[in-house]
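Take a look at the structure below.
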Amino acid sequence: MRDSRAFEGALHAITNWPVDGRRAPRSSQSIRQLFGVNVFSDEVMKARLPENVYKILRNTIKKGAPLDASIADVVAATMREWAMERGATHYTHWFQPMTGLTAEKHDSFLAPTENGTAITEFSGNELVRGEPDASSFPSGGIRTTFEARGYTAWDPTSPAFILENPNGTTLCIPTAFCSWTGEALDKKTPLLRSVEALSKQAVRVLRLFGSQATRVYSTAGPEQEYFLIDKHFYFARPDLINAGRTLFGARPPKGQEMEDHYFGAIPERVLACMLESETELYKLGVPVKTRHNEVSPAQYEIAVTYENANVATDHNMLVMETMKRVADRYGLQLLLHEKPFAGVNGSGKHLNWSLADDTGNNLLKPGDTPHQNAQFLIFLVAVIRAVARHGDLLRVAVASAHNDHRLGANEAPPAIISVFLGDMLQDIVEQVEKGGAKSAKTGGELKIGVTILPTLPRDAGDRNRTSPFAFTGNKFEFRAVGSSQSVAGPIVVLNTIVAESLDEIATQLEQAVAANKDLNTEIQTLLQNVIKESKHVIFNGDNYSDAWHAEAEKRGLPNRKSTVDSLPDLISPKSVKLFTKYGIFNERELHSRYEIFLESYKKTINIESQLTIQIAQRMILPAALRYQAEVAQAVAQLKATGATVPKSQAALLSELVEAIDNLQESIDRLSEATEEHGDGDSLAHAKHARDAIIPAMNAVRAAGDRLEGIVADDLWPLPSYQEMLFVK
């Protein structure tokens, strides 16, 4: 008999949540007062640190100067005092290992004394360096089990913050994580390296235009998509608990085809959860901007405004962690998997990326006359060339077993990396290639045809939601990033490939200036040459169409359809040369990541295959056999009375027997595929998972989903899509 407690519990939670759920008390403080109260911010440092210490630390944060170790004790004491005033009893070095999650080890401020009492202390050494176990995190062979030493190093460019808990608070210090031998074991270290490399090359270009800027930053503003379902359903689904996605589930009569969820009214319980999440994020200094319903039922989005890419990466991790924690207070479960439900849109994390200098200028802002803005055009074509040369690495940056379910479906860009510019910039680029831009298309006015509505200024070009890398006014939107991913990896690749492109531009123009050549003429020639080299990556049409796939192949654009196809590009000679030249990764670090990603892929598929077998054998098959027995008994009773058995009932029994037999056979085939690991290295094992295990899993799912449409509802053991997606 089906356990109906999940459904009944969900209904009770939904209909009674203001009473039984947690409704956060409204704060008397305004958003402005709340924002950043739990952050050891510049304002806090300026008010609390000695002036000379503040200036030294500020120089490190804003100018990239080496950290002066002599100030560490003063900063640590001030940070401890501030944190304890806010209830902190412990501190932790908060870092981002290669698990794709965050990690923390809490230590108390309390220190015993000889006379049996205790004092609180936090030294500069404890602030600057920690020592977690480096062998217990993914290292791709850099660290073995007996080589345990690793270090966390304070990142002063990302502010420390307070993590609140009902029973106390913890001071969290963002840090990098490296091995005893110095290799990066985390996401932050390569990110910081790439920021430095990009800044160095971009400043060289700016100097040619007379800029006084001394630093350039990549900026980021991730748009985070996610699902929320009632946690009663979540706990009744072993696949969601262990794999993050449903491995079974027949399509409901209604999915997203009515297009009525996108931007619709937000359900009350969901909105309450969003509001409390935003309040918590405001306290952490996260600049939350947007919330709305997404395309799929039970799918939503939260977006933040742009920040320094390093801080934006930390903040995105906090967004995911905070929303998961708050959702639980409302009886909801946050799902960040790229494809938790088949048949409806999955979730991405659109990464808005741009460049800004330390004087406040957005270097990818066209201005009113972009065809006359040589500096903008230089940075624009530098990005286009970077994508044209290294689209394979951008594909690697979003590769995962989870994201393979999403990329290329009619909900996300394909695995072919191309650039969308829009009509105006496309017109300018074409003119430049021909010898100079003399005019630019403008949007004009958009007349709606209703007299009471104002005439709206119209953008010069439409938007393209199918493009993986689209220019959207003053930034590029990288739409292929997966919802559960850290944005650090994609930003590292973007920063590095653009740094290379800017390096070549700066070198060419510097040589021209040294040779007393006319700079404007050299810029014009350079723009023409870069556009000719790179224009094959520009595509403003429908990226979902079959025609584009054929056209992309003619253009020579790589199409890595799966993670297994993509990952070898990470350790290609071209990739090794690029990343080692700019000091982002050494060759050992690149190979370690290659092994980590392959291992993660293989383990993900293995977990899913074992779960598929378990759910099919222990839940679906017994339910189907019970229903078969009920139908067989009903047919037998009719026969016993001498009545004619209706053809429909006999057909139902026959269909059940066939479907159950099909399920059992597909389980056996999946078991065989799972036991065979393939011969050779990690890549061979990953290929076996892709080519043998995944098709066998899909066959089991198809058999199970067929039975869901036959077996009596009161016997079916799993919450259905209809329940999970629409009971809110």
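No option in Ile497, Thr496, Ile491 other than Ile497 meets the side chain to side chain contact (heavy atoms under 4.5 Å, CB included) test with Val493. Considering Ile384, Leu502, Asn373 in turn, Leu502 is the only one that fulfils the side chain to side chain contact (heavy atoms under 4.5 Å, CB included) rule with Phe379.
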Q: Go through Leu683 and Lys687 one step at a time and tell me if the side chain to side chain contact (heavy atoms under 4.5 Å, CB included) criterion holds.
A: CA-CA 6 Å; Leu683 181 60; Lys687 286 181 177 179; 3.9 Å; yes
Q. Passes side chain to side chain contact (heavy atoms under 4.5 Å, CB included), Gln96 versus Ser486? Steps please.
A. CA-CA 9 Å; Gln96 299 169 42; Ser486 165; 4.2 Å; yes
Q) Should Asp358 and Lys62 be marked as a salt bridge (charged side-chain N to carboxylate O under 4.0 Å, His left out) after you check the CA-CA gap, both sets of side-chain angles, and the distance that decides it? A) CA-CA 8 Å; Asp358 56 2; Lys62 294 298 181 182; over 6 Å; no
Q.
side chain to side chain donor-acceptor pair (under 3.5 Å), that's the test. Do Lys475 and Thr472 meet it? Break it down for me.
A. CA-CA 6 Å; Lys475 63 190 185 316; Thr472 55; 2.8 Å; yes
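A side-chain donor from one of Trp353 and Asn495 sits under 3.5 Å from a side-chain acceptor of the other. Side-chain contact, Thr152 with His93: a donor N or O sits under 3.5 Å from an acceptor N or O. For the residue pair Gln224 and Asn316, a side-chain donor N or O sits within less than 3.5 Å of a side-chain acceptor on the partner. There is a side-chain donor-acceptor pair under 3.5 Å between Glu500 and His390.
Using a 4.0 Å cut-off between a side-chain N of Lys or Arg and a carboxylate O of Asp or Glu, Arg389 and Glu533 qualify as a salt bridge. Between Lys289 and Glu223 no salt bridge is recorded (no basic side-chain N to carboxylate O distance below 4.0 Å). Contact check on Asp404 versus Lys561 returns no salt bridge, with no Lys/Arg side-chain nitrogen under 4.0 Å from an Asp/Glu carboxylate oxygen. Salt bridge status for Arg193 with Glu196: absent, with no side-chain N to carboxylate O gap under 4.0 Å. For the pair Asp392 and Lys574, the salt-bridge criterion is met [side-chain N within less than 4.0 Å of a carboxylate O]. A salt bridge is defined here as a Lys NZ or Arg NE, NH1 or NH2 lying under 4.0 Å from an Asp or Glu carboxylate O, and Glu551 with Arg555 meets this definition. Ionic pairing of Glu608 and Arg245 is present here: one or more N-O contacts between side-chain nitrogen and carboxylate oxygen are shorter than 4.0 angstrom. Taking the charged nitrogens against the carboxylate oxygens, Glu433 and Lys532 have no contact shorter than 4.0 Å, which rules out a salt bridge. Ion pairing between a basic and an acidic side chain is recognised when a charged N comes within 4.0 Å of a carboxylate O; Glu225 and Lys349 show no such pairing. Look at Lys535 and Glu430 and you find no salt bridge, because none of the NZ, NE, NH1 or NH2 atoms lies under 4.0 Å from a carboxylate O. No salt bridge links Asp569 with Arg395; every basic N to acidic carboxylate O contact stays at or beyond 4.0 Å.
For Trp180 and Tyr151, the ring centers sit 6.0 Å or farther from each other.
A donor-acceptor distance shorter than 3.5 angstrom exists from the side chain of Ser483 to the backbone of Leu336, with no hydrogens or angles considered. Glu307 places no side-chain N or O within donor-acceptor distance of the main-chain N or O of Gly221, the cut-off being under 3.5 Å.
The aromatic rings of Tyr226 and Tyr300 lie tilted to each other, with the angle between the two planes from 30° to 60°. In this pair, Phe137 and Phe177 present their aromatic rings perpendicular. The plane angle is above 60°, beyond the 30 to 60° band.
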